[in-house]
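Count residues from 1 along the sequence. Owing to the predicted nature of the structure, the values given are computational and were not obtained by experimental measurement.
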Amino acid sequence: MGQTTVSNTALGSGVVGEFYSTEPQGVRALVLNSANAALNVIGSVVTFVADEDQEAGVAASTRFAGIIGFPKILAREGLGDVTTIANGVVADIINKGYVFVDLPAAADKGDFVYYSDTDGTLATVAPDAAPPAGHTRVPGGRVEIFNVTEAGIAVIYVDHGGDISDSTGV
């Protein structure tokens, strides 16, 4: 007799820092240079270091560089969990595409995505709501593919050449 019910309706669908799909993607290798290397976490937003086009760090400037991606670079056979990337390491920074990220709360498809100016973490708000204090809009950033019913993994769209205006028109 075959399966007649589904007991797990919350199946995993992705890994933070990986692409959701193969639709147009953008990645740039940059040297990480954050004031606090403990913030170099997969899925965090980095900005370009002032006057350095090949370096990016969490809260390094106001110029968006992208999202730290590709957690498999942290895998080390025989070693314990590694959750951050050291400064001075070249990392792949996602600047375009549909990306799995970690969101702190529920969100609806179409909500705008912002990043913290101090720690690079993400936040979302409805397009007609005021942006969170101390946050900047991710270029083109919006929740896509799935509504998010609680904090956790979600898909957002990011486009380094995309719209950064928010509900205030800024």
Criterion side chain to side chain contact (heavy atoms under 4.5 Å, CB included) on Val99 and Phe19, from CA distance to verdict: CA-CA 4 Å; Val99 183; Phe19 283 111; 4.2 Å; yes
Side chains of Thr84 and Asn40, donor plus acceptor under 3.5 Å: no
[X] side, atom [atom1]; [Y] side, atom [atom2] - distance, nearest 0.5 Å:
| X | Y | atom1 | atom2 | answer |
| --- | --- | --- | --- | --- |
| His135 | Thr118 | NE2 | OG1 | 7.0 Å |
| Ile156 | Phe112 | CD1 | CZ | 13.0 Å |
| Asp117 | Thr136 | CG | OG1 | 3.5 Å |
| Glu18 | Lys72 | CD | NZ | 3.5 Å |
| Ile67 | Phe64 | CD1 | CZ | 5.5 Å |
| Glu55 | Leu30 | CD | CG | 9.0 Å |

Polar side-chain atom of [X] near backbone of [Y] as donor-acceptor pair, under 3.5 Å:
| X | Y | answer |
| --- | --- | --- |
| Gln25 | Ser21 | yes |
| Asn87 | Ser34 | yes |
| Asn147 | Lys109 | yes |
| Thr121 | Ser116 | no |

Test applied, side-chain contact (heavy atoms from CB on, under 4.5 Å); reference residue, Val143; option that passes from Leu122, Leu103, Val101: Leu103
Short N-O contact, Arg63 and Asp53, less than 4.0 angstrom: yes
Val155 vs Val148, side chain to side chain contact (heavy atoms under 4.5 Å, CB included): CA-CA, chis, key distance, verdict: CA-CA 9 Å; Val155 177; Val148 182; over 6 Å; no
Beyond-backbone contact of Pro71 with Val16, side-chain heavy atoms, under 4.5 angstrom: no
Pairs flagged by ring pair (Phe, Tyr, Trp, His ring centres under 6.0 Å) wherever residues 90-110 is involved - sequence neighbours left out: Tyr20-Phe100, Tyr98-Tyr157
Non-neighbouring partners of Leu39 that pass side chain to side chain contact (heavy atoms under 4.5 Å, CB included), sequence neighbours left out: Asn36, Val58, Asp119
